[in-house]
Amino acid sequence: MNIIDELTWRGAINQQTDAEGLKELTESKSISLYCGVDPTGDSMHIGHLIPFMMMKRFELAGHHPYILIGGATGSIGDPSGRKSERQLQTMETVQANVKALTHQMQKLFGGSSNISFVNNYDWLSKISLLDFLRDYGKLVNINTMLAKDIVASRLDVGISFTEFTYQILQSVDFLTLHHEHDIQLQIGGADQWGNITSGIDLIHKIDGADEKVYGLTIPLMLKADGTKFGKTAGGAIWLDPEKTSPYEFYQFWLNQDDRDVVKYLKYFTFLDQDEIAELEQSVKKAPEKRLAQTRLAEEVTRFVHGQEALDTAQKITNILFSGNVKELSAAEVQDAFGKAPSVSIASEPKNVVDLLVETKIEPSKRQAREDVTNGAITVNGDRIQETNFEVDPSAQFDGKFVIIRRGKKNYFLAKVR
């Protein structure tokens with residue numbers, strides 16, 4: 001199957017500058033293409049992952065992707081999708097973020113010899129102000145720029161000249177990569193359409209209208225309930241395991257809505273049509289088994305964090321489901337409950353009833369005594385039914401944590417101070 005046909009089946013194409021021409025080009029030869037990310041932070045989140053999954057698909061189809069880290073453009077701010085000016089970061093912060101994102105990208109894609117990494121600071125930083133104005137500014141029509149959504153959406157509230165020039169800088173990126181690496185296609189999110197088409201316009205003005213360059217954007221990802229994909233009550237789902245643990249990452253995918261899971265299997269996994277069709281049937285016929293969600297969680301966690309991290313995430317999941325938390329290590333407890341609400345307790349032993357009330361796990365001593373007596377309370381995996389039981393915080397998990405469960409599913413983490 002042609003790569004464009006596959007992307008169409010996966011619902012991964014929003015707009016194309018020349019759909020027929022791009023399909024013919026990808027069928028006739030191996031092409032080079034690129035997608036960029038600006039270092040506005042030291043980690044990508046799963047929303048950033050979508051276009052780069054497409055880059056991986058192109059690579060598997062025999063094409064040559066270039067991943068651009070915007071060391072230059074990231075220092076001024078992209079107006080796309082924003083209603084206000086981005087707070088400028090110090091160049092030291094930008095460079096630190098470049099290093100972090102490059103490492104993250106190389107971890108995801110660096111195992112392949114057919115994926116290259118570039119940084120636009122390498123060429124944009126060498127352009128003088130006069131060269132910028134003479135060589136590029138003269139070719140850009142202000143009226144055309146004002147008509148682009150990325151700029152037009154900001155006119156009411158205002159846009160600085162700094163962010164206004166972003167579109168030109170990204171156009172220079174496409175031109176430079178086209179000249180130096182024969183890159184013919186740029187991929188980006190739906191909000192990047194104006195930037196992508198500006199790059200194509202610049203190439204056509206310099207190299208001629210017949211120059212074969214193309215643009216493709218991915219759809220805006222929304223959940224079935226209409227809310228933005230990738231956000232949770234706890235915030236963004238990061239690719240950095242220090243920001244979102246592999247267990248939390250795995251759980252995010254495992255808990256996807258039945259209405260969304262097939263779409264996500266198409267977007268975020270490399271499973272073929274037949275296997276996804278089988279999983280789609282399982283959602284319809286046996287949704288309670290959550291086979292599609294489980295496969296989705298396995299595939300994406302393995303791709304982002306590796307097999308060992310997936311094994312650990314599945315181990316924690318199974319242990320928490322069974323309630324036998326004493327099998328967890330202190331590090332695994334941190335992964336499992338890292339972002340969960342927690343309480344702080346002293347290191348000295350404490351009566352279980354008093355502890356439950358002081359940590360507000362129970363509303364009163366009466367309720368605490370009742371739940372203990374009825375066997376509804378477990379401490380570090382052991383069921384406690386004696387109201388005079390003393391909890392020793394140093395007993396397990398390197399003396400750092402106490403895990404309390406009320407009922408079957410309500411876990412509470414007590415951090416020992």
Next item on the list: Write down the atom of A190, the atom of N14, and the distance for their closest heavy-atom approach.
Entry: CB-ND2, 3.7 Å
Checklist line | Q184 and K29 side chains, donor-acceptor separation under 3.5 Å | finding: yes
Note to self: On a heavy-atom basis, which atom in P39 and which in G70 lie closest, and how many Å separate them?
What the structure shows: CD-O, 2.9 Å
Note to self: Under the salt bridge (charged side-chain N to carboxylate O under 4.0 Å, His left out) definition, can you give me all pairs with a residue in residues 44-53, not counting sequence neighbours?
What the structure shows: none
Check: Is it true that the side chains of S394 and D392 contain a donor and an acceptor less than 3.5 Å apart?
Finding: yes
Next item on the list: Measure from the side-chain N and O atoms of T312 to the backbone N and O of E308, and report whether any donor-acceptor pair falls under 3.5 Å.
Entry: yes
Notebook entry, point to check: Just by modelled atom types, is the I361 backbone N or O under 3.5 Å from a matching donor or acceptor in the R406 side chain?
Noted result: yes
Margin query: To check you understand the geometry: which heavy-atom pair defines the closest contact between I200 and G215, and what is its length?
Written below: CD1-N, 3.6 Å
Next item on the list: Identify whether the distance between the nearest side-chain nitrogen and carboxylate oxygen of E59 and K56 falls below 4.0 Å.
Entry: yes
Margin query: Taking NZ in K266 as the centre, count heavy atoms belonging to other residues, nucleotides or ligands within less than 6.0 Å. Is the count above 12?
Written below: yes
Check: Can you tell me if OH on Y121 sees more than 12 non-hydrogen neighbours from other groups inside 6.0 Å?
Finding: no
Notebook entry, point to check: Who passes salt bridge (charged side-chain N to carboxylate O under 4.0 Å, His left out) against R259, sequence neighbours left out?
Noted result: D257
Next item on the list: Would you check if Q273 and I276 make a side-chain contact, meaning some heavy-atom pair closer than 4.5 Å?
Entry: no
Margin query: Can you tell whether the side chains of K315 and E332 come within less than 4.0 Å, N to carboxylate O?
Written below: yes
Next item on the list: May I ask you to check whether over 12 heavy atoms, not counting those of F270, lie within 6.0 Å of atom CZ?
Entry: yes
Next item on the list: List the atom of V213, the atom of T17, and the distance in Å for their closest heavy-atom pair.
Entry: O-OG1, 4.5 Å
Checklist line | Under 3.5 Å: donor-acceptor pair, side chain of T26, backbone of K23 | finding: yes
Notebook entry, point to check: Side-chain donor-acceptor pair under 3.5 Å between T73 and D38, yes or no?
Noted result: yes
Margin query: Contact between Q16 and Y214 at the side-chain level, heavy atoms closer than 4.5 Å - yes or no?
Written below: no
Notebook entry, point to check: Just checking, any donor-acceptor pair under 3.5 angstrom between side chains of D201 and S171?
Noted result: no
Note to self: Whether D42 and K243 form a salt bridge (side-chain N of Lys/Arg under 4.0 Å from carboxylate O of Asp/Glu) is what I want to check.
What the structure shows: yes
Item checked: N/O donor-acceptor pair under 3.5 Å between H63 side chain and I31 backbone -> yes
Item checked: Criterion side-chain contact (heavy atoms from CB on, under 4.5 Å) against R290, the qualifying member of D258, L296, L254, V283 -> D258
Next item on the list: In sequence, state the C-alpha distance, the side-chain angles, and the governing distance for E370 and R366, and then conclude on salt bridge (charged side-chain N to carboxylate O under 4.0 Å, His left out).
Entry: CA-CA 6 Å; E370 183 177 321; R366 182 193 62 79; 3.2 Å; yes
Margin query: Whether the S245 and E248 side chains hold a donor-acceptor pair (N or O, under 3.5 Å, no angle test) is what I'd like checked.
Written below: yes
Check: Does atom NE2 of H103 have more than 12 heavy-atom neighbours, drawn from other residues, nucleotides or ligands, at distances under 6.0 Å?
Finding: no
Note to self: Assess, by modelled atom type and distance only, whether the side chains of R417 and S344 contain a donor and an acceptor separated by less than 3.5 Å.
What the structure shows: yes
Notebook entry, point to check: Which heavy atom of T301 sits nearest a heavy atom of A297, and at what distance?
Noted result: OG1-O, 2.7 Å
Check: Would D207 and H179 count as having a side-chain donor-acceptor pair, cut-off 3.5 Å?
Finding: yes
Notebook entry, point to check: With ring centroids as reference points, do F412 and F337 lie under 6.0 angstrom apart?
Noted result: no
Margin query: Closer than 4.0 angstrom, basic N to acidic O: yes or no for D18 and K212?
Written below: no
Next item on the list: Identify the two heavy atoms, one from N380 and one from V325, that lie closest to each other, and give their separation to 0.1 Å.
Entry: C-CG2, 3.5 Å
Item checked: is_close_aromatic(W238, F249), centroid dist under 6.0 Å -> no
Next item on the list: Look at the side chain of T197 and the backbone N and O of G194, then say whether any donor-acceptor pair between them is shorter than 3.5 Å.
Entry: yes
Margin query: Check the orientation of H64 and Y66. Use parallel for under 30°, tilted for 30 to 60°, and perpendicular for over 60°.
Written below: parallel
Notebook entry, point to check: Do N410 side-chain atoms and R405 backbone N/O form a donor-acceptor pair below 3.5 Å?
Noted result: no
Margin query: Are F303 and F109, when compared by the centres of their aromatic rings, separated by less than 6.0 Å?
Written below: yes
Notebook entry, point to check: Does H45 use its side chain to pair, donor to acceptor, with the backbone of G47 at less than 3.5 Å?
Noted result: yes
Check: Would the number of heavy atoms belonging to other residues, nucleotides or ligands and lying under 6.0 Å from CD of Q307 be above 12?
Finding: yes
Check: With no hydrogens and no angle check, do the side chains of Q170 and S198 hold a donor and an acceptor under 3.5 Å apart?
Finding: no
Checklist line | Chi angles and distances behind the side chain to side chain contact (heavy atoms under 4.5 Å, CB included) call for I3, R57 | finding: CA-CA 8 Å; I3 181 63; R57 296 189 202 286; 3.9 Å; yes
Next item on the list: Run the salt-bridge test on E6 and R10 with the 4.0 Å N-O cut-off and return the result as yes or no.
Entry: yes
Checklist line | Close side-chain approach of L310 to H305, heavy-atom, < 4.5 Å | finding: no
